[in-house]
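Notes to accompany the following structure.
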Amino acid sequence: MSRVRAAVRRAHPAVVRLLRRVRRLAGGAVEAWRRSIQLRVVATTLLLSVAVAFFLAMALVGQVRDGLLEAKQQAALSQAGGGFREARAEYQNTDPATTTASFSQHLRALVEDLASGGSNGRLYDVALLSAPGGQPDPAARSPMASGQLRPESIPATLRNEVFRRGRERVLQGDDGYYAYQYISARYDERNGGYRSTPALAVGTLLTSPQQGDYELYYVFPLTQEQETLSLVRNTLVTASAFLCVLLGVIAWLVTRQVVTPVRMAARIAERLAAGRLEERMRVEGEDDLARLASSFNKMATNLQRQIRQLEELSRVQRRFVSDVSHELRTPLTTVRMAADVLHEARDSFDPHVSRASELLQNQLDRFESLLTDLLEISRFDAGAAVLEAEPVDIRKIVHRVVEAHEYLAKRNGSRLIVKEPPEPCVAEVDPRRIERVLRNLVVNAVEHGEGRDVVIKVAAGEDSVAVAVRDYGVGLKPGESSLVFNRFWRADPARARTTGGTGLGLSIALEDAHLHGGWLQAWGEPGDGSQFRLTLPKVAGREIERSPIPLEPEDSRRNRGLRVAGAPYRRVTGASHA
C-alpha cells in the first residue's frame, strides 16, 4: 500500500492533493453524520422519501403503460379486424383469369386502400407479404407496404404464428384467425437510412385456391403512447423530486424544533460542568420541551445550591485541618523538647519510666508525621501544591530510597531487590515528591511482605518511565486495589502497624502522581502479594498512552498457570480455565 501511495505521489502531485481533499471531505461528512442527529433525521427522511417516490413512480408508470397498451391493443384489433374482413372478401373475389401484372396492381391498390384510413394521422400502415409455398409467378409475390414502412419489420415468429394457425383455420372451414405482437417497426428515412419505432403488429392469412396465400399485417406505431408515457414519467420525476425536497425541508424544520432545545441543554450542561453554575435554559411555551427546560433549570439550581454547600463545607474542613495542624505545631514543639530531655535522661530513670519515655518519643515521631501529612493533604485539597520539575534519572531516586530502608527490610527479614535497565531513565519530575511516593510504596511492601523479598523494577518507554514495587505478602482481595488509596483505609483493621504509618501515605502518593500527570495503580491477589506501579511522563504535562511495565506481574498465579490453591490450570485450545 505504501508503494502504491509513493508511486501516485511521484506520478502526479495533483492526484495526491485531490485524494487528500476527498479524504478530508469524507472525514468531515462522517464526523457531521456522527455528531448531528438533525442531519441523520433529515438524511434518513430524504432516503426513505426517495425510495418511496421511486417505487410509487414505478408502479404508476407501469399502470399507465399497461392502460395505454391495453387501449391501443383493443383499438388496433378492432381497426384491423374490419380491414381484414374487407381484404379477405376482395381477395377471394379476384378474377382467376387476371394476369400477373394486373394482379400485382390489384394487390398494390388493396394495400393502399386499406392504409388510407390511417395515412393522414399516421395511425397505422399496412404490409402484404407472400406466404411460404405460394403459387405461380414470383414477380407478383414481392412484399408490399404502405408509406415508409419496411416489410421486413414483421418478425418471423409472428409470420409463423399467422401462417400456421391461419392454415389450420382454413382447413377447418374458418379463415377468420389473426394474431398480434409488439415489434420494432422500421421506417425509411430520406437520407437512405431507417429509424425504429415501437409498434403493434396485427396479422392474418389471406388464402385463395387460384392466387395462393398472402399474409396481411396492420402495423400501429406506439409513438403517441410513448410520448404520453414519457410525459407521465417526467411529471412523476419532477413531482417526486419536489416532494422529496419538501419532505426534507419539513423534516429539517421539525427536527430543528426538537434538536435546538437539546443542543441548548447540552451547551448549558457543558458550561455547568465547567463551573459556570449560574447558566440556565430559556423556557418558552408550555409544551414538553418547555417542561424539560424548566426541570433542567430546577436541577441546575439544586446542583448549584448543593455544590456551594459542599464547597463551603470543604472549605471549612480544609481550613479547620490547616488551622489545627498549624496550631498543634507550637505545643508539639514544646512537648518534643520536653520529650527529648526525658529521652536523653532515660538511663537514670526507673525501668518503667525509661520505657515510657521511649514510647513517648515514638508516638511523638508518629504524631509529627501525621501533622506533616495533614498539612500536605490540605495543600492538595486547596490546590496550592506546586510542582518543581527537573530532569532526573529515576534510578538514582530508587537507589536513595532503597539505601534508606535497607535496615527496615532486614529487620523484617526481607531483601530489597532492584531490577533496572543499564541506560538512564530520565524524566522531568519533582525529586522530593517522587522520593516520597517510592518511600511509601517500599515501606508498605516491607510491612505487608511477610518477610519475603521486595522487587523494585524500573523501566522506560517511548514517552514514559515506570517503577513497580512487588511484594509477596498477604496481597489484596478483589476490589481492594481501588480502595488502598483512600485516606486512612486499611485492608485489615485488626493488623498492627510495625512502622507507625499515618494512613495518608498512599493518598498523598496518588496526589503526587496526578500532580505529575502520571498514574499510580495497584494489583494484588490474596496470598500472592501485590504490585504498585508508578508511571510518569518523560516530559512534564504530556499525556501517557501506555506504561512500560505491565500492572499484573509476570510471576502472578494466572501468568504462571496456577490456581489460587497452587494447582496448575488446565489448558484447552490455548485458553486457561480454573
Side-chain angles (χ1 to χ4, degrees), residues 72-73 75-96 98 100-119 122-188 194 196-222:
K72 184 68 174 181
Q73 178 180 312
L77 293 179
S78 176
Q79 179 70 35
F84 289 158
R85 288 190 294 271
E86 179 182 351
R88 189 175 294 109
E90 186 172 349
Y91 181 73
Q92 291 177 352
N93 294 328
T94 304
D95 186 3
T98 304
T100 301
S102 299
F103 183 70
S104 177
Q105 292 179 358
H106 178 74
L107 293 179
R108 173 67 62 181
L110 176 62
V111 169
E112 294 297 333
D113 181 59
L114 293 175
S116 62
S119 60
R122 299 201 55 82
L123 298 178
Y124 58 86
D125 286 296
V126 178
L128 184 64
L129 306 178
S130 174
Q135 297 183 16
D137 189 358
R141 307 184 67 83
S142 60
M144 304 176 187
S146 64
Q148 305 297 323
L149 177 67
R150 288 189 174 187
E152 61 267 21
S153 299
I154 309 302
T157 55
L158 179 60
R159 295 192 61 185
N160 293 335
E161 180 74 10
V162 168
F163 179 74
R164 182 176 62 83
R165 298 297 296 274
R167 291 299 298 172
E168 292 177 358
R169 291 295 183 88
V170 170
L171 295 177
Q172 295 174 3
D174 180 13
D175 59 350
Y177 175 79
Y178 60 88
Y180 64 91
Q181 183 177 339
Y182 291 98
I183 66 172
S184 177
R186 298 179 181 181
Y187 292 89
D188 290 326
Y194 67 90
S196 298
T197 302
L200 174 64
V202 184
T204 190
L205 182 67
L206 301 180
T207 181
S208 173
Q210 295 82 13
Q211 305 297 335
D213 299 334
Y214 280 87
E215 300 168 8
L216 180 63
Y217 295 94
Y218 275 73
V219 178
F220 298 86
L222 301 177

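What you see below is based on every heavy atom in this structure, not just the backbone, and it leaves out hydrogens, waters and symmetry mates. Starting from 1, each residue takes its place in the sequence as its number.
Applying the side-chain hydrogen bond (donor to acceptor under 3.5 Å, both in side chains) rule to Arg186 yields no partners; only residues at least two apart in sequence or on another chain are considered. When the side-chain hydrogen bond (donor to acceptor under 3.5 Å, both in side chains) test is applied to Ser184, no partner is found at least two apart in sequence or on another chain. Glu152 is linked by a salt bridge (Lys or Arg N to Asp or Glu O under 4.0 Å) to Arg150, counting only residues two or more places apart in sequence or in another chain. Scanning for salt bridge (Lys or Arg N to Asp or Glu O under 4.0 Å) contacts around Glu215 gives Arg159, with sequence neighbours left out. By the side-chain hydrogen bond (donor to acceptor under 3.5 Å, both in side chains) test, Thr197 pairs with Arg195, sequence neighbours left out. For Ala199, the side-chain contact (heavy atoms from CB on, under 4.5 Å) partners two or more places apart in sequence, or in a different chain, are Ile183, Ala185, Val219. Take Tyr178 and apply the side-chain hydrogen bond (donor to acceptor under 3.5 Å, both in side chains) test, not counting sequence neighbours, and it matches no residue. Here Arg164 pairs with Glu161, Glu168 under the salt bridge (Lys or Arg N to Asp or Glu O under 4.0 Å) rule; sequence neighbours left out. For Arg85, there are no salt bridge (Lys or Arg N to Asp or Glu O under 4.0 Å) partners at least two apart in sequence or on another chain.
A distance of 8.0 Å separates CG of Leu77 from CZ of Phe220, quoted to the nearest 0.5 Å.
In summary, the side chains of Gln73 and Tyr180 do present a donor paired with an acceptor at a separation below 3.5 Å, with no hydrogens or angles considered. Side-chain contact annotation: Thr157 with Gln181, donor-acceptor N/O pair under 3.5 Å present.
No more than 12 heavy atoms of other residues, nucleotides or ligands lie within 6.0 Å of OH in Tyr194, so this atom counts as exposed by the packing criterion.
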